[in-house]
Amino acid sequence: MVPLKRRKVNCSVTSDSSGDRTSKFPGVVIFLLERKMGASRRAFLTRLGRGKGFNIEYSLSRSITHIVSENNSGEEVRTWLDLQTGGQGREGGEGRTARPGSVHLLDIVWYTESMHAGIPVIILDRHRLQEREKPGLELTVVSVPSYACQRHTPLLHHNTILTDALSILAENAELSENEGRGVAFRRAAALLKSLPQEVRGAEQLRGLPCLGEHSLRVIKEVLEDGVSHEVETTTHSEQFKAMKALTGIFGVGAKTADRWFREGIHTPSNLQRSGHTLNRAQRAGLKYYDELNLPVTKPEAVAIGQIVERAVHAVLPGAEMTLIGGFRRGKQTGHDVDFLITHPDEGREEGLMPKVVSWLEAQGFLLYQKTTGNSYLESKEGPARPASNMDRFERCFSIFRLSTDNEGREIQTGREIQTGEGPQTYSPTLTNTDPHTHSDTHPHSKTDSHPLPQTLVVVGDHAQKVSWVLGNSQCSGPRSWRAVRVDLVVSPYSQFAFALLGWTGSKLFERELRRWAIHEKAMTLSSHALYDRKRMQYLRASSEEEIFAHLGLEYIPPCDRNA
């Protein structure tokens with residue numbers, strides 16, 4: 001059956017089973033316009049109205065007295081009506097289209113107020129569809145640079161509806177291991193994020209880079225109908241939902257998830273019952289699945305940072321640590337927490353990670369960890385291309401235990417810490433109450449060797465009492481902690497600026513920086529170094545600003561790298 005929005009409607013009265021139902025208000029016949037409302041919301045509102053005794057027609061007909069729409073102007077609805085009726089019989093009255101008895105063109109506000117009142121409310125001016133000024137067809141900028149690393153891309157922007165649609169298609173392509181298609185959608189979304197104004201018509205995008213035919217088709221459909229059929233189909237696809245669920249398991253990539261999907265495994269529960277042999281990371285990911293898929297807040301990240309910093313300073317005084325990733329770009333939530341560690345004295349950072357991990361394990365803060373050594377080697381011929389896109393720093397992929405207990409209970413040691421003066425509340429702290437995560441074999445297993453800090457991160461408006469919980473402590477009662485993904489990276493001081501740039505993101509921004517370096521400057525950029533292939537030499541840098549200068553780019557601060 002041809003969708004209504006594409007079907008010419010005969011001006012003779014159409015029959016509809018809903019029209020035969022008894023109505024409490026026979027003089028009011030309502031048609032809900034699906035354009036920009038969406039099919040599911042329209043169906044819900046139809047059921048709601050009919051349940052309250054309103055006559056809601058699903059087909060356009062002569063009997064309609066009220067047309068209700070959402071996020072449309074009067075001109076947009078009249079244009080839509082002309083397309084359905086072939087432009088027949090239109091009056092020039094404000095907000096009305098020719099039908100026997102004329103039709104009220106109304107905003108969804110009238111409908112919701114009528115549902116609340118249980119009767120059709122009196123139509124006021126604020127209920128009638130407003131006329132929108134037609135936006136100019138030209139953007140206020142002369143041109144938009146082709147590379148995302150040349151543009152300022154803030155966290156908050158004007159085209160969220162469009163970028164959300166493109167991001168879903170990008171994610172679906174990535175889950176299908178179609179990297180090129182995913183990058184194309186990501187680049188289109190990044191361009192829209194950087195625009196200084198809302199896009200209201202496809203004409204505004206004429207001549208701009210990074211917008212392929214497919215992306216433009218999706219954008220145009222969203223602008224005209226409020227939704228993209230392809231995006232709706234994707235989000236309701238069984239494969240997309242299954243792939244998202246399975247790749248949400250820590251340690252599971254798209255290739256493994258696809259194999260399981262083809263075997264009929266669609267959810268973590270299916271996997272748990274399947275009897276598959278899982279590696280250590282996947283077992284931990286499955287065990288803490290729900291918690292690891294909860295957003296991590298900035299206060300939680302800061303609280304974890306206090307613990308990590310304490311561990312780092314305990315084993316290497318003078319070391320420096322920075323919160324990186326999305327939080328450095330201004331995000332208030334993320335899916336994990338990343339820290340970059342270094343020491344001003346080059347070489348002293350070597351072998352640091354095993355010592356930090358031992359300290360954290362001895363205190364019981366790690367539910368899982370996997371540590372890798374630094375495999376980066378610098379040669380006169382320039383950096384060799386790594387086997388993968390990952391850098392080769394010393395690092396630890398871990399799952400932390402984060403306390404969510406804010407009741408300030410005295411637990412075994414009775415060590416209670418009062419928050420400071422003034423209106424404050426604490427940010428979540430880390431506990432270590434699971435005796436199974438305690439290691440007695442490590443040289444740093446003595447819990448009193450490195451006591452936990454007597455300070456606390458505080459935010460907000462209310463003061464509370466809290467307790468640090470030591471490694472050998474146990475707590476009875478309901479569980480008061482959650483699992484959080486934490487990555488620790490150790491960089492030599494001479495590579496710190498490059499590591500900081502690489503680990504700050506976003507992923508597309510970093511990809512575009514490397515693409516710019518290769519194609520525009522004949523250089524090779526990584527999270528370790530910048531190599532000039534023309535001069536056959538490394539270009540040193542002690543800050544991100546210096547790296548941008550080497551590349552001939554304007555410095556883009558972290559808050560504007562959200563491409």
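Position 1 is the first residue of the sequence; numbering continues from there.
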Within the 3.5 Å criterion, strictly below it, is a donor on [X] or [Y] matched to an acceptor on the partner's side chain?
X: H276; Y: Q282; answer: no
X: S63; Y: S61; answer: yes
X: R561; Y: S506; answer: no
X: H266; Y: Q239; answer: no
X: S167; Y: D164; answer: no
X: T297; Y: E300; answer: yes

Looking at every non-hydrogen atom in both residues, tell me the closest pair between [X] and [Y] and how far apart they are.
X: D107; Y: V68; value: O-CG1, 4.0 Å
X: G325; Y: D338; value: CA-OD2, 4.2 Å
X: R50; Y: I56; value: NH2-O, 2.7 Å
X: F339; Y: G305; value: CZ-CA, 3.4 Å
X: P268; Y: L246; value: N-CD2, 4.3 Å
X: V231; Y: A165; value: CG2-O, 3.6 Å

Should [X] and [Y] count as an ion pair when the cut-off is N to O under 4.0 Å?
X: E224; Y: R35; answer: no
X: R511; Y: E179; answer: yes
X: E213; Y: K220; answer: no
X: R126; Y: E113; answer: yes
X: R206; Y: E203; answer: no
X: R514; Y: E510; answer: yes
X: E520; Y: R515; answer: no
X: E70; Y: R41; answer: yes

- Relative to each other, are the rings of F54 and F25 parallel, tilted or perpendicular (30° and 60° limits)? tilted
- Could you walk me through whether R181 and E174 pass the salt bridge (Lys or Arg N to Asp or Glu O under 4.0 Å) check? CA-CA 8 Å; R181 189 179 183 192; E174 291 157 1; over 6 Å; no
Any [X] side-chain heavy atom under 4.5 Å of [Y] side chain:
X: L129; Y: S69; value: yes
X: M243; Y: W260; value: no
X: F548; Y: L501; value: yes
X: L205; Y: I219; value: yes
X: R328; Y: L500; value: yes
X: L175; Y: K244; value: yes
X: I265; Y: R273; value: no
X: V484; Y: I304; value: yes

Main-chain N/O of [Y] paired to [X] side chain as donor or acceptor, under 3.5 Å:
X: E512; Y: F509; answer: no
X: R42; Y: L33; answer: no
X: H127; Y: L124; answer: yes
X: T112; Y: V109; answer: yes
X: W110; Y: R128; answer: no
X: N159; Y: V199; answer: yes
X: Q150; Y: L553; answer: no
X: N279; Y: A281; answer: yes
X: R482; Y: E291; answer: yes
X: T79; Y: E75; answer: yes

- Message: Are Y111 and H66 an aromatic pair, judged by ring center distance below 6.0 Å?
- Response: no
- Please confirm whether Y288 and F250 have ring centers closer than 6.0 angstrom. no
- Item | Derivation of the side-chain contact (heavy atoms from CB on, under 4.5 Å) call for I324 and D487 | CA-CA 10 Å; I324 48 180; D487 290 344; over 6 Å; no
- Message: Can you tell me if K241 has over 12 outside heavy atoms packed within less than 6.0 Å of its NZ?
- Response: yes
- Task: Evaluate whether atom CZ of F44 has more than 12 neighbouring non-hydrogen atoms of other residues, nucleotides or ligands under 6.0 angstrom away.
- Result: no
- Determine, step by step, whether I30 and T65 satisfy the side-chain contact (heavy atoms from CB on, under 4.5 Å) criterion, reporting the C-alpha distance in whole Å, the side-chain angles of both residues, the deciding distance to 0.1 Å, and the verdict. CA-CA 6 Å; I30 301 171; T65 60; 5.6 Å; no
- Note on the structure: Of L166, N172, T163, the one forming a side-chain contact (heavy atoms from CB on, under 4.5 Å) with F185 is L166
- Task: Could you go through the side-chain contact (heavy atoms from CB on, under 4.5 Å) check for E230 and V218 one step at a time?
- Result: CA-CA 8 Å; E230 183 180 1; V218 173; 3.9 Å; yes
Starting at [atom1] of [X], measure out to [atom2] of [Y] and round the result to the nearest 0.5 Å.
X: S194; Y: R151; atom1: OG; atom2: CZ; result: 4.5 Å
X: I556; Y: N562; atom1: CD1; atom2: CG; result: 11.5 Å
X: H104; Y: I123; atom1: NE2; atom2: CD1; result: 4.0 Å
X: L32; Y: E57; atom1: CG; atom2: CD; result: 11.0 Å
X: Y555; Y: D560; atom1: OH; atom2: CG; result: 10.0 Å
X: L169; Y: H214; atom1: CG; atom2: NE2; result: 6.0 Å

- Item | Stepwise side-chain contact (heavy atoms from CB on, under 4.5 Å) test for F498 and S526 | CA-CA 7 Å; F498 298 99; S526 72; over 6 Å; no
- Message: Under 6.0 Å from the ring centre and within 45 degrees of the ring axis: does the NZ or CZ of R485 meet both conditions for the six-membered ring of Y289?
- Response: no
